[in-house]
Chemist: 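Take this structure first; my questions come after.
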Amino acid sequence: MRQKLPEPLGSEITSESLYLRRREFLKSAALFTGTAAAVGTGLQLLSHRPTGGDSPLLGVPGEAPKVARPRGPYDTDERATSYEDATTYNNFYEFGLDKGEPAENAHTLKPRPWTVIIDGEVHKPQRVDIDTLQSWFPLEERVYRMRCVEAWSMVIPWLGFPLAGLLRRVEPTGKARYVAFATLKDPAQMPGQKYPVLDWPYVEGLRLDEALHPLTMLAVGMYGRVLPNQNGAPLRLVVPWKYGFKGIKSIVRITLTEKQPPTTWNLANAREYGFFANVNPQVDHPRWSQASERRIGEFRRRPTLPFNGYAEQVASLYTGMDLRRDF
Ligand SMILES: Nc1nc2c(c(=O)[nH]1)N[C@H]1C(S)=C(S)[C@@H](COP(=O)(O)O)O[C@H]1N2
Ligand SMILES: [Mo]
């Protein structure tokens, strides 16, 4: 059955809450140079939306979600991957190695209640419930390309907020140079952790300037609804110019550090997976070419773009670096 056409995001909220959200947005927007398209989606609305079943905000499979808002400076105009594909073709080894397994198995993950720790080289460490953390920031929608190191890609409308807002709030010390992230470790909720395929918990990291870049976001939702478990509920990192494995899922801890933190795929195979993992069509994976990619839902391969098409925004972060050596 054909689903009801999605309504514009935020259409259900009252003018009063819209007013309050706008004020919040203006406050936080002052921290950034670029202006982002804030989506007035009420957090209450989002967090109570069930992860299964119908949603009026859900896109029609195979069609770009119809979002009645002006395209923001960070949005690609490429057609979004269908919700169906984005939620059934996943990499989330805590729930199995096959692409279909996370969607089948991730119901054992309990994304609420959920505590996130932000610590390390910060003046104001936090131990905070995910709903409180979410309430600190207005949600924005960003339609980003996502390029997996395995040479497939998607286009996903994320809902979240810039990581920079959270980092500024905890006030990094003068020693902070990197940000480390960790996924939940609980084999009862994440049955794949019973097997030593990777070092658990999954960990990732960014250099502080990468973490503060306005493109870098923490997502709590996608396609106008709360993040499905298989996509990394309740909180996942999105760094669109890097290979997908940098986008760590189901985050419980964010630690600012002086030294470059260990990262899971680099620990597993340093020759194949670097710390930076910037999308680079000129540096092949030892076992396959990175020059082109398969966009999920499309027939023909397409060329892979330097920094996944975000070179204009991020290339300057790497001035003076040899990106063949620091891949
Ligand atoms: N904790 C955790 N995070 C993870 C992974 C994982 O196995 N475990 N897989 C990564 C990889 S390789 C990719 S491509 C993306 C996939 O995100 P998606 O399933 O939402 O498309 O998640 C990344 N984050
Ligand atoms: Mo990936």
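Throughout, numbering of the chain's residues begins at 1 and tracks the sequence. For ligands, and for the atoms within them, numbers begin at 1 and follow the listed sequence.
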Chemist: Any idea which protein heavy atom is nearest atom 17 (O) of ligand 1, and the distance to it?
Modeler: Arg236 NH2, 3.0 Å
Chemist: Atoms of ligand 1 less than 4.0 Å from Gly244 heavy atoms?
Modeler: 10 (C), 11 (C), 13 (C), 14 (S), 15 (C), 22 (O), 23 (C)
Chemist: Could you list which atoms of ligand 1 come closer than 4.0 Å to a heavy atom of Tyr93?
Modeler: 6 (C), 7 (O)
Chemist: Return yes or no for this condition: an N or O of Asn231 is under 3.5 Å from an N or O of ligand 1.
Modeler: yes
Chemist: Taking non-hydrogen atoms only, is Lys246 closer than 4.0 angstrom to ligand 1 via side chain, backbone, both or neither?
Modeler: neither
Chemist: Looking just at side-chain N and O atoms, do Gln230 and Tyr89 make a donor-acceptor pair shorter than 3.5 Å?
Modeler: no
Chemist: What protein heavy atom sits nearest atom 9 (N) of ligand 1, and how far off is it?
Modeler: Asn91 O, 3.2 Å
Chemist: Can you tell me which residue and heavy atom of the protein come closest to atom 14 (S) of ligand 1, and the distance to 0.1 Å?
Modeler: Cys148 SG, 3.6 Å
Chemist: Which residue owns the protein heavy atom closest to atom 18 (P) of ligand 1, what's the atom, and how far is it?
Modeler: Lys249 NZ, 3.4 Å
Chemist: Regarding Glu293 and Thr304, do their side chains bring together a donor and an acceptor under 3.5 Å, going by distance alone?
Modeler: yes
Chemist: For the residue pair Lys99 and Asn90, confirm or rule out a side-chain donor-acceptor distance under 3.5 Å.
Modeler: no
Chemist: Which one holds for Met154 and ligand 1: side chain close, backbone close, both close, or neither close, with close meaning a heavy atom under 4.0 Å?
Modeler: neither
Chemist: With heavy atoms only and a cut-off of under 4.0 Å, state how Thr183 meets ligand 1: side chain, backbone, both or neither.
Modeler: side chain
Chemist: Sequence neighbours left out, cut at 3.5 Å: what donor-acceptor pairs do the side chains of residues 306-317 make with other protein atoms?
Modeler:
| unit_1 | atom_1 | unit_2 | atom_2 | d |
| --- | --- | --- | --- | --- |
| Asn308 | ND2 | Arg145 | O | 3.4 |
| Asn308 | ND2 | Pro240 | O | 2.8 |
| Tyr310 | OH | Arg145 | N | 3.0 |

Chemist: Taking the six-membered ring for Trp, are the ring centroids of Tyr93 and Trp265 within less than 6.0 Å of each other?
Modeler: yes
Chemist: Would one find an N or O of Asn90, backbone or side chain, under 3.5 Å from an N or O of ligand 1?
Modeler: yes
Chemist: Once you restrict to heavy atoms under 4.0 Å, what part of Met146 touches ligand 1? Side chain, backbone, both or neither.
Modeler: side chain
Chemist: Please check if any side-chain donor atom of Asp129 sits under 3.5 Å from a side-chain acceptor atom of Trp114, or the reverse.
Modeler: no
Chemist: Specify the protein heavy atom at minimum distance from atom 8 (N) of ligand 1: its residue, its atom name, and the distance to 0.1 Å.
Modeler: Glu94 OE1, 2.8 Å
Chemist: Report the part of Tyr202 (side chain from C-beta onward, or backbone N, CA, C, O) that has a heavy atom under 4.0 Å from ligand 1; answer both or neither where that applies.
Modeler: side chain
Chemist: Would you say Met222 touches ligand 1, if touching means a heavy atom closer than 4.0 Å?
Modeler: no
Chemist: Would you verify whether the NZ or CZ of Arg295 falls within 45 degrees of the ring axis of Trp152 while also being under 6.0 Å from that six-membered ring's centre?
Modeler: no
Chemist: Determine whether a donor-acceptor pair (N or O, by modelled atom type, separation under 3.5 Å) exists between the side chain of Asp186 and the backbone of Ala188.
Modeler: yes
Chemist: Of the options Glu150, His285, Met146, Arg147, which is the one that meets Tyr243 in a side chain to side chain contact (heavy atoms under 4.5 Å, CB included)?
Modeler: Arg147
Chemist: May I ask which of Pro228, Gly247, Pro201 has a heavy atom nearer to atom 24 (N) of ligand 1 than the others do?
Modeler: Gly247
Chemist: Looking only at side-chain N and O atoms, does Tyr223 offer a donor or acceptor that is under 3.5 Å from a partner on Arg225?
Modeler: no
